[in-house]
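Predicted, not measured: the structure shown is a model, and the values here were computed from it. Along the sequence shown, residues are numbered consecutively beginning with 1.
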Amino acid sequence: MLLGCNNLESCGSTSVDITRTDGSLYRCVTSEDCPRTSRVSVCVTDVSSERECVRCDQTHCVRLIPESCE
């Protein structure tokens, strides 16, 4: 097992801003305000998830994409 890995095979995540079609950021107050598809959940903790999720980060929406351990 590599250092930093957990039993979920996830070694952190990449944060990507969620933007509108005009390139502006989606604004939010809570994570539930952020747009997402039916397969993407709201992030429930600050710990890396094994699945993609969205959250409100300092008034704008971000998508957290898990990175697999290699």
Side-chain angles (χ1 to χ4, degrees):
M1 183 182 259
L2 297 173
L3 184 63
C5 291
N6 56 33
N7 60 358
L8 302 175
E9 300 300 320
S10 178
C11 288
S13 58
T14 302
S15 178
V16 178
D17 289 331
I18 299 175
T19 56
R20 298 178 184 276
T21 53
D22 66 1
S24 64
L25 295 175
Y26 267 98
R27 296 291 174 190
C28 57
V29 175
T30 67
S31 296
E32 287 79 8
D33 297 337
C34 298
R36 62 189 188 282
T37 63
S38 60
R39 292 184 7 219
V40 178
S41 62
V42 171
C43 301
V44 292
T45 67
D46 289 337
V47 177
S48 295
S49 172
E50 76 236 39
R51 285 188 264 157
E52 187 175 320
C53 62
V54 297
R55 77 172 179 204
C56 186
D57 186 18
Q58 298 179 359
T59 74
H60 69 278
C61 295
V62 295
R63 189 168 44 126
L64 295 178
I65 304 167
E67 296 176 0
S68 62
C69 298
E70 294 187 30

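- Cluster partners of Leu25: none. The rule joins Ile, Leu, Val, Met, Phe, Trp and Tyr whenever side-chain heavy atoms lie under 4.5 Å apart, and it links nothing here.
- When the side chain to side chain donor-acceptor pair (under 3.5 Å) test is applied to Ser38, no partner is found at least two apart in sequence or on another chain.
- The CZ atom of Arg27 lies 10.5 Å from the CD atom of Gln58; values are rounded to the nearest 0.5 Å.
- Every pair passing salt bridge (Lys or Arg N to Asp or Glu O under 4.0 Å) that includes a residue from residues 57-66 is listed here, sequence neighbours excluded: Glu52-Arg63.
- With sequence neighbours left out, the side chain to side chain donor-acceptor pair (under 3.5 Å) criterion links Asp17 to His60.
- Each of Cys34, Cys28, Cys56 was checked for a disulfide bond (SG atoms under 2.5 Å apart) with Cys61, and the lone residue meeting it is Cys34.
- With sequence neighbours excluded, the residues that form a side-chain contact (heavy atoms from CB on, under 4.5 Å) with Ser15 are Val62, Leu64.
- When all heavy atoms of Cys53 and Val42 are compared, the closest pair comes out as CB-C, 4.1 Å.
- The minimum heavy-atom distance linking Val29 with Asp33 is given by the pair N-OD2, 2.8 Å.
- Here Thr14 pairs with Glu67 under the side chain to side chain donor-acceptor pair (under 3.5 Å) rule; sequence neighbours left out.
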